[in-house]
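In what follows, a single structure is set out as structure tokens and then discussed.
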Amino acid sequence: MGLSARLLRKIVRNEAMLTDPEEIYGWRVYLLACSACFGAMSFGWDSSVIGGVIVLPPFVEDFGLGDKGSVASANLSANIVSTLQAGCFLGALIASPLTDRFGRKWCLIGVSMVILIGVIMQSAANGNLGPMYAGRFIAGMGVGAASTINPIYVSENAPRAIRGLLTGLYQLFIVTGGMIAFWINYSVSIHFTGKMMYVFPLAVQALPAVLLCLCMLLCQESPRWLARKDRWEEAKAVLSRTRNLPPTHPYLQEEFQEIVDQLEHERRLIGDATFWNLQREMWLIPGNRKRAIISIVLMICQQMTGTNAINTYAPTIFQNLGLTGTSTSLFSTGIYGIVKVTSCIVFLLFMVDSLGRRRSLLWTSIAQGLAMFYIGLYVRISPPRKGENVPPAGYFALVCIFLFAAFFQFGWGPTCWIYASEIPTARLRSVNVAFAAATQWLFNFVVARAVPTMLVTVGSDGYGTYLIFGSFCFSMFFFVWFFIPETKGMSLEAMDALFGVTDAPEKSPLTEEEQREHAGNGNGNGNGGSQAQPKTAGKETTVGLAA
């Protein structure tokens, strides 16, 4: 048994891990997932770097932010920060038709170029709000598009036993990018002076986009997208290469047949994949509608935990909790980033495919709520004052910020993206993830725009901000308890059966000759491949044979 398989079988506990061949856990699938996830790193990097930049004295002076305690200054800071999320919302929606038409790989490469343009404009703004707003909006369009395409691409290539781990890398790369940005902000605050103090961290936002472009050039297209385009031979060749198995291997044949069966089932059920057909299929079929609503509500819940408020405004929040000095608050923010990365790694290795998605969401809902409530009550009862020492209760409030970060990475951070990308049926996957990602960005925008004002208006010292987010965390427990099923270790094709979408005509409308051509014709030239023949003729389609 290979080293990778031995390690995985020690830490991943599900049935698929025990039965699937060890060859499928080769290096290619990890490289592919990490390459795509540089798009996620751009999100974490961009979101976190701006939170530190807006408190740097040269940036405050050049962009006219003024008194940080005023509502006008809070509104201006919120506008600069939230413009990225506005672009992300648009980019997430545009990404769905583009990735369905041009493929996952080339859309991710295009996305990297858009992010680079936005980063260049931010770096060259030189105190002018116009280019800063435009650059953050354009970069946001690229980041938002990546947030739709990245989880789709990874989930469509990942082996079922570790799909949670690989799709969850999206969240790991987000928090890693954020952590790096936090430490860059801290470094420039003590080593740089003048404009370079904020120009440098804004410019190095380009690094993840460059890595995304270069790495995706080395990767292959998603086999499930190729199958949707009836490029069956290419799909099987890519699947064989990714799984490190020959085309004749029983596991590969079974996985490929599941793809064939599901696509034929969908086409018989609703017809061609036009925009309105996809919308009817998503909202009129109960099982698909339930999956879309679950994905959207999960993303609303993810943002209403308050996590991105803390991510973006961490330096400000640490100052509000009693830490004085820009460098001190930025240093604490850097430690906060390390806690997030470490927690996310622990979750992905030991919990997501073993403990499962549902249980992780349940216990972290309560844990996050308790942490937020303690912070809010501390700020209400014993608010920190400038020049005074932080009491023991204040230090525990700071610890609660770090605990909150860990709890979020143990559940609501990675798991929402995993659910949104794995539960939809194949041809609704891009639309479902686009709606989920757009919802995430919309509420990310709402939170980013509202929090600076909330911290100066919602109760004395903004204590109500933490109580509001804590209340949302507690309410999420009940949503998960009643509506979220467990999906660990299941194949993508098994999700239809899990959500009750199993109805199909008893007889395939294709003749045997048409089926052979459909399954074997990779380039539309009629050269069939008998190994890829669908097995649905003359019997009821069964979705998710390998569940």
Side-chain angles (χ1 to χ4, degrees), residues 30-54 56 59 80-81 83-85 87-88 91 105-126 131-132 134-147 149-150 153-154 169-192 195-219 308 311-312 314 330 333-334 336-338 340-341 344-345:
Y30 302 110
L31 177 62
L32 176 150
C34 291
S35 297
C37 285
F38 282 116
M41 184 176 283
S42 284
F43 164 38
W45 200 306
D46 288 13
S47 299
S48 300
V49 78
I50 195 66
V53 163
I54 60 174
L56 294 172
F59 188 90
I80 293 173
V81 171
T83 305
L84 179 84
Q85 283 83 352
C88 290
K105 171 182 175 176
W106 290 106
C107 280
L108 283 172
I109 292 172
V111 156
S112 67
M113 301 299 179
V114 174
I115 296 174
L116 284 172
I117 293 172
V119 168
I120 292 170
M121 293 182 68
Q122 292 177 62
S123 305
N126 195 30
M132 176 60 70
R136 286 190 61 74
F137 184 82
I138 292 171
M141 289 181 62
V143 170
S147 72
I149 304 166
N150 183 170
Y153 181 72
V154 176
L169 287 176
Y170 180 85
Q171 181 68 20
L172 177 60
F173 273 66
I174 289 176
V175 296
T176 301
M179 180 190 69
I180 295 171
F182 288 149
W183 285 108
I184 288 175
N185 287 340
Y186 172 68
S187 298
V188 299
S189 72
I190 60 176
H191 293 299
F192 284 45
K195 294 183 185 297
M196 283 304 295
M197 191 180 287
Y198 66 84
V199 171
F200 180 79
L202 290 175
V204 295
Q205 292 179 101
L207 182 59
V210 172
L211 292 174
L212 174 64
C213 180
L214 296 178
C215 291
M216 285 308 301
L217 288 171
L218 303 176
C219 294
N308 280 317
N311 291 348
T312 304
L330 290 176
T333 307
Y336 173 77
I338 292 175
K340 291 173 63 180
V341 171
C344 191
I345 291 172

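We count residues from 1, following the sequence as given.
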- Task: Please report the C-alpha distance between Leu202 and Met132 in whole Å, then the side-chain angles of each, then the deciding distance to 0.1 Å, and finally whether the side-chain contact (heavy atoms from CB on, under 4.5 Å) criterion is met.
- Result: CA-CA 10 Å; Leu202 290 175; Met132 176 60 70; 3.8 Å; yes

Counting C-beta onward and ignoring hydrogens, is there a side-chain heavy-atom pair between [X] and [Y] closer than 4.5 Å?
X: Tyr153; Y: Cys219; value: yes
X: Ser147; Y: Phe43; value: no
X: Asn150; Y: Cys37; value: yes
X: Leu108; Y: Phe38; value: no

In Å, rounded to the nearest 0.5 Å, how long is the span from [atom1] of [X] to [atom2] of [Y]?
X: Ser42; Y: Ile174; atom1: OG; atom2: CD1; value: 10.5 Å
X: Cys88; Y: Arg136; atom1: SG; atom2: CZ; value: 8.5 Å
X: Gln171; Y: Ile345; atom1: CD; atom2: CD1; value: 12.5 Å
X: Ile80; Y: Ile54; atom1: CD1; atom2: CD1; value: 7.0 Å
X: Ile109; Y: Leu214; atom1: CD1; atom2: CG; value: 9.5 Å
X: Leu116; Y: Ile138; atom1: CG; atom2: CD1; value: 12.0 Å

- Got a sec, which residues hit ring-ring contact (aromatic ring centres under 6.0 Å, His included) with Phe200, two or more places apart in sequence or on another chain?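 In terms of ring-ring contact (aromatic ring centres under 6.0 Å, His included), with neighbours along the sequence ignored, Phe200 is linked to Phe192.
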
- Query: For residues 198-208, which residue pairs qualify under side chain to side chain donor-acceptor pair (under 3.5 Å), counting only residues two or more places apart or in two chains?
  - Reply: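 Those involving residues 198-208 are Asp62-Tyr198, Gln122-Gln205.
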
Minimal non-hydrogen separation, [X] against [Y], with atom names:
X: Asn185; Y: Val188; result: O-CG2, 3.2 Å
X: Ile184; Y: Pro201; result: CG2-CB, 3.8 Å
X: Cys213; Y: Met113; result: SG-CE, 3.5 Å
X: Gly142; Y: Val111; result: O-CG1, 3.0 Å
X: Asp46; Y: Ala139; result: OD2-CB, 4.1 Å
X: Val175; Y: Val341; result: O-CG2, 3.5 Å

- Task: Tell me, with the steps shown, if Tyr30 and Leu169 meet side-chain contact (heavy atoms from CB on, under 4.5 Å).
- Result: CA-CA 10 Å; Tyr30 302 110; Leu169 287 176; 5.9 Å; no

- Non-neighbouring partners of Leu207 that pass side-chain contact (heavy atoms from CB on, under 4.5 Å), sequence neighbours left out: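 With sequence neighbours excluded, Leu207 shows a side-chain contact (heavy atoms from CB on, under 4.5 Å) to Trp45, Leu211, given in chain and number order.
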
- Test item: Lys340 side-chain N/O and Met179 main-chain N/O as donor-acceptor pair under 3.5 Å: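 No, because the side chain of Lys340 does not come within donor-acceptor range (under 3.5 Å) of the backbone of Met179.
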
